[in-house]
Amino acid sequence: MSAAEAARLIKNGDKVATSGFTASGSPKELPTAIARFAEEEHNAGREFKIDLFTGSSTGDSCDGELARAHAVNFRTPYQSNKDLRKAINAGEVKYIDMHLSQLAQELRYGTYGKLDVAIIEAADLSANGEILLTAGVGSTPTFARLASKIIVEINDMQPKTLLGMHDLFEPVDPPYRKEIPIYSVKDRAGSLTVKVDPDKIIAVVNTSRPNEVGKFTPLDDTTTRIGQNVASFLASQLKSGFIPKDFLPIQSGVGNVANAVLGFLGEDKEIPQFTMYTEVIQDAVIKLMKEGRISFASGCSLTVTQPVLEDVYNNMNDFRDKLVLRPIEISNNPEIIRRLGLISINTALEADIYGNVNSTHVLGSKMMNGIGGSGDFTRNAYLSIYTCPSTQKDGCISPIVPMVSHVDHSEHSVKVLVTEQGVADLRGKAPEERAKCIIENCVHPDYKQLMWDYLKLCKGGQTAHSLMAAFALHDAFAKTGDMRKADFAKFE
């Protein structure tokens, strides 16, 4: 049926789950139609909002359209859409930010009640209920099994040659859970398709919409130096024996900095050919595969720009034995992360002088995107690295502060901090040593004296702080728009 007809099968108050991970694999036609239906209902004076569960962020045709139509009551576990973010921070949408690997399990435990509808983007659908997923998996196997009804959105821009790219494994719940049989990044544990009861499929919708993955901005001096610093640090760790000579699998976050880091890892000839066990496979990964620098990548989605995706699809025979897409519960599984000994590289919104990291909240209260999968990897990685620029907003903001305004990853999990200024290796250092290391190596020159001034105020305790002065930089920015105007003298 048409998307407009299928949208009317969604009821006010329904708990709706969507396939995919980022804009890859996310349904496009039906969420847009649901948004139009919501507007019709609102114009008629009727309430219409849904609770929305996803694998991660989605494309604008899902999160954006639904947010602008005021059709979302509740949202979890992650988002990155500006209109949805605005609604969340205005209190219009109830949002639970959570570790991505945990949602499928919590749904199985009944934490959020019963799922009414799962909307699944597919490359193919068989008469016996086998769904061939597209470029993103997310938590789709669990959504499909738990939902009372399923609507399949077949996207003819996603080829049937994707068959063989997926490894769809869903663990048994405790106390009957066994080990997940993945002992290398190439191992497979599950099926190639999602298998559902055909009677649960209440509609099939067709679309030809491409994935809505944005372009990456060109490297600037800051991202270039961050990438170089990470690559040089890992090369030094390899040389000194802290990393095995065959290297370790890499997990990398999303965005321009992550692409830059991967690019410089590929260029550094002291680093051998490596593998990836990660969430998101980005443009840089495909480039390095073609250059022979990455031999295999396991992820949850192919979140690449459209030209790169078309390149992969046009050369599936070359990529099928180099890529696998798994559910987020498996790609981010702590058991596998520890077993494989991952090097995790993620981006901090804010970090403090003791190594605590804020990934989510601007000035401690306004949600940016969410914690995503960074915590899954940070807590369990062999080596956890966070990167950020030393300044932002033309120098008015220092992402390195005395105390983070919100904690997502504590000092107990963060091992290395990298800015364009340098590298702070925090392993084996007591709090005072960590603070000095971060100030000396990572803080921008415009802020170093401020950090030293703050440290002088901190008297006594195992982790010294001045609670009166800890947020002086944040306060200065809120009042003047420039953290450099913080004055610690008044706290002496």
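Excluded from the calculations below are hydrogen atoms, water molecules and symmetry mates; all remaining heavy atoms, backbone and side chain alike, are included. The chain is numbered in sequence order, starting from 1. Values in this document were obtained by computation on a predicted structure and should not be read as measured data.
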Could you tell me whether the side chains of [X] and [Y] share a donor-acceptor contact shorter than 3.5 Å?
| X | Y | value |
| --- | --- | --- |
| S24 | S301 | no |
| N256 | T223 | no |
| Q105 | D173 | no |

Are R36 and E65 within salt-bridge range, i.e. N to O under 4.0 Å?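 Salt bridge present between R36 and E65.
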
Using 4.0 Å as the upper bound for N to carboxylate O, is an ion pair formed by R68 and D60?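 Between R68 and D60 there is a salt bridge, with a charged N closer than 4.0 Å to a carboxylate O.
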
Can you list the steps and then say if D156 with S208 is a side-chain hydrogen bond (donor to acceptor under 3.5 Å, both in side chains)? CA-CA 5 Å; D156 62 18; S208 298; 2.8 Å; yes

Walk me through whether R85 and Q79 qualify under side chain to side chain contact (heavy atoms under 4.5 Å, CB included). CA-CA 8 Å; R85 181 186 307 126; Q79 57 77 41; 3.9 Å; yes

Among T378, T347, N346, whose side chain to side chain donor-acceptor pair (under 3.5 Å) with Y386 holds?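 Of all the options given, the one that passes is T378.
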
Which heavy atom of [X] sits nearest to which heavy atom of [Y], and what is that distance?
| X | Y | answer |
| --- | --- | --- |
| R177 | P171 | NE-CB, 3.7 Å |
| C300 | I328 | SG-N, 3.6 Å |
| F143 | A118 | O-CB, 3.8 Å |
| I10 | I151 | CD1-CD1, 4.2 Å |
| T391 | E420 | N-OE2, 4.4 Å |
| V423 | C442 | C-SG, 4.2 Å |

For [Y], is there any backbone N or O sitting under 3.5 Å from a side-chain donor or acceptor partner on [X]?
| X | Y | result |
| --- | --- | --- |
| N332 | E279 | no |
| H409 | G355 | no |
| D283 | V304 | no |
| N89 | M367 | yes |
| E291 | R293 | no |
| D14 | V117 | no |
| S19 | E121 | yes |
| S359 | I371 | no |
| Q306 | P210 | no |
| E153 | E29 | yes |

I'd like to check [X] versus [Y] (side-chain heavy atoms, cut-off strictly below 4.5 Å). Are they in contact?
| X | Y | result |
| --- | --- | --- |
| Q392 | P399 | yes |
| P334 | D376 | no |
| T142 | E329 | yes |
| I281 | I286 | yes |
| M276 | V185 | no |
| D408 | N358 | yes |
| R427 | L383 | yes |
| Q282 | V254 | yes |

Rounded distance (nearest 0.5 Å) linking atom [atom1] of [X] with atom [atom2] of [Y]:
| X | Y | atom1 | atom2 | answer |
| --- | --- | --- | --- | --- |
| I343 | I250 | CD1 | CD1 | 4.0 Å |
| H70 | K49 | NE2 | NZ | 8.0 Å |
| M157 | N211 | CE | CG | 8.5 Å |
| T76 | K94 | OG1 | NZ | 12.5 Å |
| I119 | L30 | CD1 | CG | 4.0 Å |
| I294 | L323 | CD1 | CG | 9.5 Å |

Dump the intermediate steps for side chain to side chain contact (heavy atoms under 4.5 Å, CB included) on F377 and I345, then the final yes or no. CA-CA 9 Å; F377 292 99; I345 309 168; over 6 Å; no

Assess whether side-chain hydrogen bond (donor to acceptor under 3.5 Å, both in side chains) is satisfied between T224 and D221, documenting all intermediate values. CA-CA 5 Å; T224 295; D221 185 55; 5.9 Å; no

Stepwise side chain to side chain contact (heavy atoms under 4.5 Å, CB included) test for L163 and L192: CA-CA 7 Å; L163 184 64; L192 301 180; 4.1 Å; yes

Partner of T275 under side-chain contact (heavy atoms from CB on, under 4.5 Å), chosen from S184, P249, S298: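 Of the listed options, the one satisfying the test is P249.
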
Counting only heavy atoms not in [X], do more than 12 sit closer than 6.0 Å to its [atom1] atom?
| X | atom1 | value |
| --- | --- | --- |
| R379 | CZ | no |
| N128 | CG | yes |
| K195 | NZ | no |
| F242 | CZ | no |
| K200 | NZ | yes |

Mind checking side chain to side chain contact (heavy atoms under 4.5 Å, CB included) for Q421 and listing every partner two or more places apart, or none if nothing turns up?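 Q421 satisfies side chain to side chain contact (heavy atoms under 4.5 Å, CB included) with R225, S390, T419, H444, P445 only.
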
Evaluate side chain to side chain contact (heavy atoms under 4.5 Å, CB included) for E350 paired with H406, printing each intermediate quantity in order. CA-CA 9 Å; E350 179 181 65; H406 177 90; 5.7 Å; no

Just distance, no hydrogens or angles: give the donor-acceptor pairs under 3.5 Å from side chains in residues 257-268, sequence neighbours left out.
residue: N259; atom: OD1; partner: A284; partner atom: N; Å: 3.1
residue: D268; atom: OD1; partner: E270; partner atom: N; Å: 3.0

Which residue, D83, D51, D63, forms the salt bridge (charged side-chain N to carboxylate O under 4.0 Å, His left out) with R75?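 Option passing the salt bridge (charged side-chain N to carboxylate O under 4.0 Å, His left out) with R75: D63.
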
Tell me, please, whether Y277 has R339 positioned over its six-membered ring: NZ or CZ under 6.0 Å from the ring centre and within 45 degrees of its axis?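 That pair does not qualify as a cation-pi contact.
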
Among Y95, F74, Y78, find the residue that satisfies the ring pair (Phe, Tyr, Trp, His ring centres under 6.0 Å) test when tested with F53.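 Going through Y95, F74, Y78 one by one, the ring pair (Phe, Tyr, Trp, His ring centres under 6.0 Å) with F53 is satisfied by F74 alone.
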
